[in-house]
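Read through the structure below, which is laid out as C-alpha cells, and then see the notes.
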There are 2 protein chains.
Amino acid sequence: MDQRLPVHGAQGDLLRLVAFGEAESRADLARLSGLAASSVSLRVEELIEAGLLAEEGSGPSRGGRRPRRLRLSPGAGVLAVADLGAHHARLGLLDLSGVPFVVEERPCEIAKGPGHTLGWLADAFDDLLAAHVPATVPLRGVGTGIPGPVDPATSRVVNPSRMPGWNDYPVAESLAARYDLPILVENDANLMAVGEARSWPGSENLMVLKAGTGIGCGMIVNGRLHRGRGAAGDISHVPVRSAATVVCACGHADCLEVHASGAALAGALAAAGIEVERTADIVALVNDAVPEATSLVRGAGRRIGEVLTALVNFFNPDVVAVGGSLSAAEPLVTSIRATVYERCLPLATRDLEIAPARAGRDAALLGAGALLLDAALSG
Amino acid sequence: MDQRLPVHGAQGDLLRLVAFGEAESRADLARLSGLAASSVSLRVEELIEAGLLAEEGSGPSRGGRRPRRLRLSPGAGVLAVADLGAHHARLGLLDLSGVPFVVEERPCEIAKGPGHTLGWLADAFDDLLAAHVPATVPLRGVGTGIPGPVDPATSRVVNPSRMPGWNDYPVAESLAARYDLPILVENDANLMAVGEARSWPGSENLMVLKAGTGIGCGMIVNGRLHRGRGAAGDISHVPVRSAATVVCACGHADCLEVHASGAALAGALAAAGIEVERTADIVALVNDAVPEATSLVRGAGRRIGEVLTALVNFFNPDVVAVGGSLSAAEPLVTSIRATVYERCLPLATRDLEIAPARAGRDAALLGAGALLLDAALSG
DNA sequence: CGCGTTGTCTTCGATATCGAACGAAGATAG
DNA sequence: CTATCTTCGTTCGATATCGAAGACAACGCG
C-alpha cells in the first residue's frame, strides 16, 4: 500500500502539469514544459506504462488533428491530508490532481498532546482509506496542517501558543514512522495560502489572511510559499492603536489578536451581554444585522487594515485574499479594503485586489495536496 | 565596443560561478553546477576560446592534484553602472566579477529631467570608459539606480515624488537607444539591497533599510530581489504613532518619512536652532555627542523600529541590514535593534540579525553589477 | 625515495534529448 | 468532394550530456 511515486527527472514535471490541469495533451505538455515533442511522447509512454497516466478519448480540435486527451490514471494513487484545529480536525482524501473526493470533519482535542493526536490522526486516515479506497490504489503522501508555527528546517512545532505539549515535537518523524512516504507538516495558515493561491492564476504574490478565532496570514512570493524561518506571516502580535489598553497572552499590549480576532470579538460581545460560542455565531449575528456585532466586525476590519497598510506597502502583492470563518461577515472585507485603499500608496494599490478568499473551507487541504505533489514529483 | 556576451546555455552558469568567486577550478564548477566533470571541461574550453575565461597558474592542493585556477579574463569586458541621487550621481566601472575598479561621484541635478540627465549619464560613462578602459575591452552592460519607483515590467519610472518630469519616462529604452547592450534600470534602494545581500552569504531573506535623506527599503526573498509591482519596499509612508501631527507631502499624516528621515531630522534640528546642510552633518553632530542630535536620531530609530516590528513578524527575515548615510550614526541601529527585539515575536527574532550594512557606499553599484551579470549570463 | 592516497582533469562509449521531417486526423473553403 | 491549411503525434538521425575509467599531478608516510 505504501510506495513512492516511481518518477524520475522530467516525468515529474509532466505529471504535475497534467495533475494541475494545465495540460491535457502531449502537445500541451510540449508547449508548457519546453521539452521537445518527441521527448514528451517518450516520457508519457513511460508514465502510461507505470500506470500513472491514462489516455481517455480525444479532446476538441483546435483547427487540426484532435489531441488524445491525457488524464491521471484513477488508480495512480491518493493523498491523505488533514487540517488540525484546536477542537476539530478536517480530514480529506485527494486524488493525485489534488482534488478532494472525501472530506470529513471530526472532533479532536489537540490539547491532548502530540502522541495521542497523531496516533488518532493516522487511525482516522486508515479508517477513511479502508472505507473509500480500494486496496490496489496506493497511498502516495500524508500531510497535515498545524495551528502553530512549524520550523521548515526540521518540521517540528516551535513555541505554539495553544498547543500544550507540542513544543519541539518531531511531528513529521512521528508520521514517517507509520508511513514510509512523503510527509508534509505545515502551519495551517500557510497551507490555506497555498490552496488559495491556486484560485488566483496569474497572481504570483499574494497575502492570504485567515481571520477566525485567531488571526493568521500566509504569504505567497513568486508563486511559492514563503516560510522565512518558520514564523513568516504571523501578524497576530503586531501592535495596533487603540483607546483601551488590553494586554495579550504574549505579554505585550494591544496586539492585533486581542482587538480583532474572533475570540476578541466574542469577548467584547459577551461584555455587551451577547453570548456567542463560536466564530460562526458572530457571522450569524452580523448577517442578522445586530448592530453591536456589525460595529465590532467593522472595527476589527479597520484594525486589520491598519496592519495590512504597512505590509502592503512593503510587500506590494497582487492580491490580498481574506479567508477564515470570520471572513463570511461581509463588513470585515469591506472595512479592510476601505482602510488599506485609503492609507496605502497609490502605487501599491494600483493593481491590488482585496477580496474574499475563493478556495472555500477546504483551502488548507488543497494546499497540503499541492505541496505534497510538489514534493513527490520533484524527487 | 558594444557586443553581447557570446554565451549560451550552461556556459552562463559556469561563468557566473567563476565571476562571483564561488568556483576557482573545473572541479569546483562540476560540484557547484551539478554538471558532469566532462561537460564542465568542454564548456570551460569554449569560454577560454571565446576570451572570457583564463587559466592562471594553479591553486592550493586539497590533498591531491592541484586545481588549475580559473579567472575571468581581464579583457572579457566591463560594466558601466551608476546610482543617481537628487544632486549627485555615483558612477562606476566594474569588471565582469562585479568588482569596481573606478568609482567617481559627480554633481548632477536629477530635477533637470530625464532627457538631460540620461544624456549626461551616457556622456559620463563614455568619459570614464575612454579614460580607464582600452578600446579592445568591450562594454557588456549598462545599469543605473533611480531614486524613485521603477515598474519592473516596463522599466519606466512611476509616480516619483522628487523627480519632476520623469513620470512614465522610458529610461531603459532611452539608454538602449545609445547602447545595444543589456540595460538595467532599478530603484536605488533595491540595488542597494542586492549589493548588500552579497555581503551576507548564507542568508536568503534580507531586509535592507536605506536611511538617508529619505527612507527606503529593499527586500531579498530566497536570494532574489522582490519587486512586487514596482513599489515593494516603500515604507516611507507607513503611518507611525506620534504626539505631534505632521502632514506629509503624500497627503496623509504622520508618515514614517516625516518623522524619521534625514530630511525630517534636519528640519527638527533647524527648529532647535541648529542648521545642517546634509545628512552627513547630522551624523557628525551625533558623533560629536550633541544631545539634541543624538536624541532625535534615537527617536527616529524607535519610529523605524516600530514599523519594522510588523514587517519582521510578517516577513521573518534572517537579516535586517541598516545602510544609508544616516546609518553611520550608531544610535540609529542601536535603537532600531532595541525596539524590534523588544516588541517582535521571540520566534521571529530568534535567529534575526539587525546590523549595520556591510557593503559600504558602493552597495548600489555592486547590486547593479550583480543584476546585470545575472541578466547577461542567462540570455 | 618509492608508494599508496587523494583530488583534478580528460577520454570515450552509453544514453538522453533535440529538432526536422513525416504521417495522421480533422477544419475550412471553394 | 477535392485542395489546402492547421494541429497532433511519431520516427529517426544529429547532437549534447553523462558517467565510468583512466591519466595526471601533488601530498604524506614509511
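We name chains A, B, ... by the order of the sequence lines, and we start the count at 1 in each one.
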Item to check | Distance, rounded to the nearest Å, where A:Leu29 contributes CG and D:dT7 contributes C1' | outcome: 15 Å
Checklist entry - In terms of side-chain geometry, is the basic nitrogen of B:Asp151 or A:Arg350 positioned less than 4.0 Å from the acidic oxygen of its partner? => result yes
Item to check | Residue closer to the 5' end of DNA chain D, A:Glu55 versus A:Gly63 (nearest nucleotide) | outcome: A:Gly63
Checklist outcome for this item: Whole-Å distance, A:Arg65 CZ to C:dC22 C1', equals 12 Å
Checklist entry - In terms of side-chain heavy atoms of B:Arg31, which of C:dT8, D:dG9, C:dC18 is nearest? => result C:dT8
Next on the checklist: Is A:Arg26 close enough to D:dT10 that one of its side-chain N or O atoms is under 4.0 Å from OP1 or OP2 there?
Outcome noted: yes
Next on the checklist: If the cut-off is 4.0 Å, is B:Ser38 near the phosphate of C:dC9, judged by side-chain N/O to OP1 or OP2?
Outcome noted: no
Checklist outcome for this item: To the nearest angstrom, the CD-P distance between B:Glu45 and C:dT10 comes to 7 Å
Next on the checklist: Can you identify which nucleotide, out of D:dC8, D:dC18, C:dC9, has its nearest atom closest to the B:Pro67 side chain?
Outcome noted: C:dC9
Checklist outcome for this item: Picking from D:dT10, D:dG19, C:dA27, the nucleotide nearest the side-chain atoms of B:Ala36 would be D:dG19
Next on the checklist: Taking the nucleotide of DNA chain C with the nearest heavy atom to each, does A:Arg66 or B:Ser25 sit closer to the 5' end?
Outcome noted: B:Ser25
Item to check | Atom-to-atom span, CD of B:Gln11 to P of D:dA16 - whole angstrom | outcome: 11 Å
Next on the checklist: For the backbone of B:Leu35 and the side chain of B:Ser33, can you confirm whether one donor and one acceptor N or O come within less than 3.5 Å of each other?
Outcome noted: yes
Checklist entry - Which listed nucleotide (C:dT8, D:dC8, D:dC18) is nearest to the side chain of A:Ala27? => result D:dC8
Next on the checklist: Whole angstroms only, please: what is the CG-C1' distance between A:Leu42 and D:dC12?
Outcome noted: 11 Å
Item to check | Backbone of A:Asp318 reached by a side-chain donor or acceptor of A:Asn205 within 3.5 Å | outcome: no
Checklist entry - For the pair made of CG in A:Leu35 and C1' in C:dC18, what is the distance, rounded to whole Å? => result 10 Å
Checklist entry - Is A:Glu55 paired with A:Arg26 through a side-chain N to carboxylate O contact shorter than 4.0 Å? => result yes
Next on the checklist: Please determine whether a side-chain nitrogen or oxygen atom of B:Arg68 lies at a distance below 4.0 Å from atom OP1 or OP2 of C:dT10.
Outcome noted: yes
Next on the checklist: Which label fits B:Phe315 and A:His226: parallel for a plane angle under 30°, tilted from 30 to 60°, or perpendicular past 60°?
Outcome noted: parallel
Next on the checklist: Which nucleotide wins on minimum distance to the side chain of A:Arg62, given the candidates D:dC8, D:dC27, C:dA27?
Outcome noted: D:dC8
